[in-house]
Undergrad: 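So that we are looking at the same thing, I have put the structure below in structure tokens.
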Amino acid sequence: MEFGLVELSRLQFALTAMYHFLFVPLTLGLSILVAIMETVYVMTNRPIWRQMTKFWGTLFGINFVLGVATGITMEFQFGMNWSYYSHYVGDIFGAPLAIEGLMAFFMEATFVGLFFFGWDKLSKVAHMIVTWLVALGSNFSALWILIANGWMQNPVGAEFNPDTMRMEMTSFFEVLFNEVAQAKFVHTVSAGYVTAAIFVLGVSALYLLQDRHKDLARRSIAVAAAFGLASALSVVLLGDESGYSASHTQKMKLAAIEAMWDTEPAPASFTLVGFPDQEARETHYAIHIPWAMGLIGTRSLTEEIPGINELVAESEAKIRRGIIAYDALMTIREQRGDAPAEARFVFEQNSDDLGYAFLLKKYIDDPREASEAQIKMAADDTVPGVFPLFWAFRIMVALGFSFIAVMLYFFVRASFYRMQFPRWSLYAAVAIIPTPWIAAEMGWFVAEFGRQPWTVDGVLPTALSASHLSIADLLITLAGFILFYSVLFVIEVSLMVKYIRKGPYQDVAETEAWQARHEHRLRTHDGQGPFASTPAE
Amino acid sequence: MILYELIDYDILRVIWWALLGVLLIGFALTDGFDMGVGALLPFVARSDIERRVAINTVGPVWEGNQVWFILGGGAIFAAWPPLYAVSFSGFYLAMFVVLAALIVRPVAFKYRSKRESATWRNAWDWALFAGGAVPALLFGVAVGNVLLGVPFYLTEDLMPMYEGSFYGKFLGLLHPFALLAGVVSLSMLLMHGAAWLLLKAEGPVATRARAIGVIAGCVAMGAYALAGLWLAFGIDGFALVQEPVASGPSNPLYSDVTREGSWLAAYTLRPWIAVAPVMGFLGMAMAIRGLRAGHEVATLLWSKMGITGVIASVGLTMFPFILPSTVDPNSSLTVWDASSSHQTLFIMLIVTLIFMPLILMYTAWVYKVLWGKVTEADVTENTHSVY
């Protein structure tokens with residue numbers, strides 16, 4: 001692959017998006033865990049739960065701010081680097097992004113200030129509600145972003161308008177209830193919950209190993225393990241749902257993930273491991289599990305899952321129909337309102353495949369003049385890189401299953417063994433802290449790399465989507481991002497480490513003074529119950 | 001479903017043009033004082049505790065305020081996709097600089113007081129300064145460039161292209177008129193930040209803020225007047241050749257545009273729009289007076305009115321143009337040919353009508369909870385929970 005403008009734009013988007021997603025999963029999960037802890041505090045009035053809320057809240061804050069800051073880059077970058085994409089699908093794609101701001105991000109960002117600054121100014125219950133609103137806001141935020149992303153994977157509820165040369169929305173409800181988006185949303189937020197659960201588990205295990213803050217650590221593990229177990233189950237279940245919906249919405253991605261070169265008689269086998277070879281279109285040293293793929297992908301014994309070779313042949317047919325659509329579009333465009341009804345009819349018949357004609361733009365300016373060889377090449381281009389998809393997917397799935405085992409173990413120990421954890425398990429809990437991030441990044445890689453060569457599946461090729469900037473522009477910003485983001489990463493991690501090392505009792509005098517006031521309040525407000533309007537502090 | 005035809009396409013377009021203005025003004029009124037405080041920080045606060053007071057006046061609210069900007073970006077994407085596509089890529093390197101400033105600012109707020117070291121805190125204070133001053137200046141420069149026209153054109157496929165080398169593109173933004181517009185926005189937000197500090201801080205911080213705010217206000221008024229004169233005598237406006245098809249398809253190439261006359265011709269066509277610059281001048285003048293006299297709440301309100309007038313005057317003067325093109329005037333984006341589809345505009349309007357009142361309500365509640373001055377004692381007593 002030569003590094004032209006499009007490749008550099010892709011590299012920059014991939015780097016900034018994956019960097020952004022280092023912070024998002026922890027925000028999603030930790031916001032809920034903190035809200036749960038504060039709820040326990042409000043219900044039981046035990047100071048330890050308030051300390052837990054404040055301690056994990058501090059770590060949440062250090063992480064949250066970088067998630068917000070790097071999120072701004074994402075919103076800008078569509079316009080900066082993908083201007084044709086922005087024009088071409090902004091009518092549909094822009095809407096969920098704007099609604100995200102209106103409905104979710106505004107709420108999250110407005111209340112997060114009160115979460116940190118409002119302890120003295122709000123009643124306990126009011127502060128707890130604020131915390132829940134932050135958690136709700138960040139999770140809603142994910143919903144709208146994934147509706148936007150889901151549309152790129154499965155563009156429903158839209159059609160091409162020849163007058164405006166772009167896709168326009170035909171049904172908001174189809175965009176909203178896109179099955180890909182819904183499964184993706186639950187899968188992604190669950191992944192965030194698992195990330196936070198493992199983070200809390202790991203840090204707490206560290207405290208137990210160091211023999212300090214044991215009250216806080218044990219309680220944190222109990223919350224994290226229960227929450228993490230439910231989430232880990234949900235992540236795998238909804239991952240399976242995503243696979244099922246991919247079998248009829250994103251056939252090529254599914255076939256590439258499975259390195260399924262040829263259509264097998266149903267039910268297809270699942271390739272556990274192997275070495276896919278894109279040139280030869282076969283997988284070396286493959287180990288198969290009979291039936292498994294057909295059952296997961298189609299939930300039936302008789303339905304076939306098409307293989308890559310069959311899908312390439314389908315793409316070729318679509319490219320030919322796309323050329324017909326393109327030809328009609330050119331006629332309509334030249335004559336505007338006076339275009340013959342026949343051209344409009346031909347266009348409508350074939351417009352679903354217009355995007356496939358655009359694949360030829362990589363080789364020739366006017367797709368109508370494409371040679372047979374170019375059509376074949378464009379059809380081959382519809383296969384994404386199989387080897388990286390195959391392995392990224394397997395790493396993600398293996399980690400996903402291992403999270404269930406980890407959470408189940410700690411849940412059982414916390415529930416039935418009086419919170420006694422063998423030392424080896426605590427060491428293991430610390431060691432696995434980075435793994436949910438690896439799984440999450442692999443997941444995004446599979447979703448987005450598997451969508452290639454399209455930005456919007458079957459509608460707009462990536463090669464056509466990029467802005468016409470100069471290479472120098474891209475090199476400057478790419479270097480800037482790498483430098484800038486690396487510095488921020490080092491600072492973030494060092495602060496996290498500092499505050500974890502420092503532990504929950506940030507300032508003994510401050511904490512003791514608060515404890516005294518708290519006990520005094522409990523005495524004076526005795527009998528009024530936890531919902532009395534005492535300051536939350 | 002033809003529900004969306006309840007409101008005509010051209011009316012929706014005007015509504016969304018106005019909403020774009022509302023979002024930009026909302027951003028300037030709220031995040032504007034955060035940026036102003038950031039840019040004032042090294043000058044109004046000298047010791048660490050003074051700086052912490054200044055920072056903590058905006059500490060709990062900057063995050064929510066910044067969403068006005070994020071939402072502005074999202075609304076442009078959803079309601080004006082061609083504008084989003086052309087402006088963000090056309091101002092590429094300038095956008096990158098703004099982006100860097102907007103990333104460093106949140107981080108600086110959050111991380112500054114997490115370590116004791118003076119070097120650490122000083123470095124973040126400069127980051128806060130740059131994070132406030134740079135976007136405040138560049139937003140004005142961008143508006144200046146929009147009035148001058150931008151060297152882009154659209155191909156038949158509506159692919160945005162840009163004239164000029166990449167250095168030319170970046171340095172070309174720094175036209176003297178655009179720089180003057182940058183001075184207007186920077187000094188206006190400094191004045192706004194000073195008005196905020198007058199309300200929320202006390203002692204030397206507030207006193208210094210008042211002194212700088214008065215100067216900044218005078219500069220803003222002078223630069224705004226000068227920019228008006230420049231527009232009257234030195235810069236060509238743009239005009240549509242034929243009567244626009246206000247409900248036609250969003251294709252900028254379907255209309256003919258010429259570059260002639262003056263932008264200020266709008267004031268003879270629609271004399272009522274003079275209310276915007278009048279509000280601008282009056283608001284700024286009264287804010288300067290309030291800063292001198294030390295009126296706390298009134299000054300901030302006057303400052304808000306001044307900013308509203310200045311921003312509104314740009315939009316009203318250019319109507320129906322949103323982003324004119326110098327190299328191919330026909331590619332210019334206008335209210336009538338650069339919007340989303342009828343249906344998308346309608347749906348987004350409904351969503352906005354539901355959520356905007358909620359946003360205003362809970363934002364007002366948060367400000368109410370946080371009402372009152374931030375003192376040095378507040379900061380030292382809660383040293384771990386504040387910035």
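Residue numbers begin at 1 in each chain, while the letters A, B, ... track the order of the sequences. Small disclaimer: the values here were computed from a predicted structure and weren't measured.
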Undergrad: Check side chain to side chain donor-acceptor pair (under 3.5 Å) between B:Ser331 and all other residues, then give those that pass, not counting sequence neighbours.
TA: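 B:Ser331 satisfies side chain to side chain donor-acceptor pair (under 3.5 Å) with B:Asp328 once adjacent residues are dropped.
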Undergrad: Look only at the side chain of B:Tyr84 and the backbone of A:Ser83, and say whether a donor-acceptor pair between them is shorter than 3.5 Å.
TA: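 Answer holds: no.
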Undergrad: Most heavy-atom pairs under 4.5 angstrom with chain B, which of A:Arg333, A:Lys498, A:Met103, A:Glu492?
TA: A:Arg333
Undergrad: From A:Glu334 CD over to B:Glu156 CD, what is the distance, rounded to the nearest 0.5 angstrom?
TA: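 Going from the CD atom of A:Glu334 to the CD atom of B:Glu156 covers 8.5 Å.
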Undergrad: What's the spacing between A:Asp163 CG and B:Leu253 CG if we round to 0.5 Å?
TA: 12.0 Å
Undergrad: Relative to each other, are the rings of B:Phe77 and A:Phe78 parallel, tilted or perpendicular (30° and 60° limits)?
TA: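 Ring orientation of B:Phe77 relative to A:Phe78: tilted.
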Undergrad: Which of the residues A:Leu464, A:Ile92, A:Val89, A:Ile99 is involved in the greatest number of heavy-atom pairs with chain B at under 4.5 angstrom?
TA: A:Ile99
Undergrad: Can you tell which part of B:Trp62 gets under 4.5 Å to a heavy atom of chain A, answering side chain, backbone, both or neither?
TA: side chain
Undergrad: Below 6.0 angstrom between ring centroids: does that apply to A:Phe76 and B:Phe69?
TA: yes
Undergrad: Check the surroundings of atom CZ in A:Phe489: do more than 12 heavy atoms from other residues, nucleotides or ligands lie under 6.0 Å from it?
TA: no
Undergrad: Could you tell me which portion of B:Ile359 (side chain, backbone, both or neither) has an atom closer than 4.5 angstrom to a non-hydrogen atom of chain A?
TA: side chain
Undergrad: First locate atom CG of B:Leu102, then atom OG1 of A:Thr73, and finally report the distance between them rounded to the nearest 0.5 Å.
TA: 9.0 Å
Undergrad: Give the minimum heavy-atom separation between A:Met80 and B:Ser89, together with the two atoms involved.
TA: O-CB, 3.3 Å
Undergrad: Pick one of side chain, backbone, both or neither for B:Thr352, based on which atoms fall under 4.5 Å of a heavy atom in chain A.
TA: both
Undergrad: Quick one, B:Asn251 with A:Thr164, criterion side chain to side chain donor-acceptor pair (under 3.5 Å). Give me CA distance, side-chain angles, the key distance, then yes/no.
TA: CA-CA 5 Å; B:Asn251 187 330; A:Thr164 53; over 6 Å; no
Undergrad: Within a reach of under 6.0 Å around CZ of A:Phe140, are more than 12 heavy atoms found that belong to other residues, nucleotides or ligands?
TA: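 Atom CZ in A:Phe140 is not crowded, with 12 or fewer foreign heavy atoms closer than 6.0 Å.
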Undergrad: What part of B:Ala100 gets closer than 4.5 Å to chain A, counting heavy atoms only: side chain, backbone, both or neither?
TA: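 Both backbone and side chain.
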Undergrad: Looking at A:Leu66, A:Leu97, A:Thr170, A:Leu329, which one has more heavy-atom pairs under 4.5 Å with chain B than the rest?
TA: A:Thr170
Undergrad: Of all the heavy-atom pairs spanning B:Val67 and A:Gly101, show the shortest one and how long it is.
TA: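 Closest pair (atom of B:Val67, atom of A:Gly101, distance): CG1-O, 4.3 Å.
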Undergrad: Please report the interatomic distance CE(B:Met159) to CE(A:Met165), rounded to the nearest 0.5 Å.
TA: 9.0 Å
Undergrad: Report which part of B:Val61 has an atom under 4.5 Å of a heavy atom belonging to chain A: side chain, backbone, both, or neither.
TA: neither
Undergrad: Please report the interatomic distance CG(A:Asp91) to CG(B:Leu345), rounded to the nearest 0.5 Å.
TA: 7.5 Å
Undergrad: With only heavy atoms counted, which part of B:Arg115 is less than 4.5 Å from chain A, the side chain, the backbone, both or neither?
TA: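 When you check distances to chain A, atoms from both the backbone and side chain of B:Arg115 fall under 4.5 Å.
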Undergrad: Whether the B:Tyr92 and A:Thr477 side chains hold a donor-acceptor pair (N or O, under 3.5 Å, no angle test) is what I'd like checked.
TA: yes
Undergrad: Output, in order, the C-alpha distance, side-chain angles, deciding distance and verdict of side chain to side chain contact (heavy atoms under 4.5 Å, CB included) for A:Val68 and B:Glu63.
TA: CA-CA 9 Å; A:Val68 170; B:Glu63 199 137 21; 3.8 Å; yes
Undergrad: Among A:Phe105, A:Phe484, A:Phe117, which residue has the highest count of heavy-atom pairs closer than 4.5 Å to chain B?
TA: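 With the most close heavy-atom pairs to chain B, the winner is A:Phe117.
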Undergrad: Could you have a look at A:Leu133, A:Ile72, A:Thr70 and say which one has the most heavy-atom pairs with chain B under 4.5 angstrom?
TA: A:Ile72
Undergrad: Determine the minimum heavy-atom distance between B:Ser341 and A:Arg166, stating which atoms define it.
TA: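 Heavy-atom minimum between the residues: N-NH2, 3.3 Å.
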Undergrad: Give a yes or no on whether the backbone of B:Gly74 and the side-chain of A:Glu75 come within a donor-acceptor separation of less than 3.5 Å.
TA: yes
Undergrad: If you measure from the Lys or Arg side-chain nitrogens to the Asp or Glu carboxylate oxygens, is any gap between B:Asp157 and A:Lys361 under 4.0 Å?
TA: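 Yes, B:Asp157 and A:Lys361 are salt-bridged.
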Undergrad: Of the backbone (N, CA, C, O) and the side chain (C-beta and beyond), which part of B:Gln66 lies under 4.5 Å from a heavy atom of chain A, both, or neither?
TA: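 The answer is the side chain of B:Gln66.
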Undergrad: Using non-hydrogen atoms only, which part of A:Ser465 is less than 4.5 Å away from chain B: side chain, backbone, both, or neither?
TA: neither
Undergrad: What's the separation between atom CE in A:Met107 and atom CG in B:Leu358, rounded to the nearest 0.5 Å?
TA: 9.5 Å
Undergrad: Within 45 degrees of the ring normal and closer than 6.0 Å to the centroid, is that where the cationic atom of B:Lys110 sits relative to A:Phe116?
TA: yes
Undergrad: Check for me whether the distance between the ring centres of A:Phe481 and B:Phe96 falls short of 6.0 Å.
TA: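 Between B:Phe96 and A:Phe481, which both carry aromatic rings, the centre distance is below 6.0 Å.
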Undergrad: If you tally heavy-atom pairs under 4.5 Å against chain B, which of A:Phe106, A:Tyr88, A:Tyr85, A:Phe64 wins?
TA: A:Phe106
Undergrad: Please classify the contact between B:Trp371 and chain A as side chain, backbone, both or neither, with a heavy-atom cut-off of under 4.5 Å.
TA: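 It is neither, since no heavy atom gets under 4.5 Å.
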Undergrad: Is B:Phe109 in contact with chain A via its backbone, its side chain, both, or neither, using a 4.5 Å heavy-atom distance?
TA: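 For B:Phe109, neither part sits under 4.5 Å from chain A.
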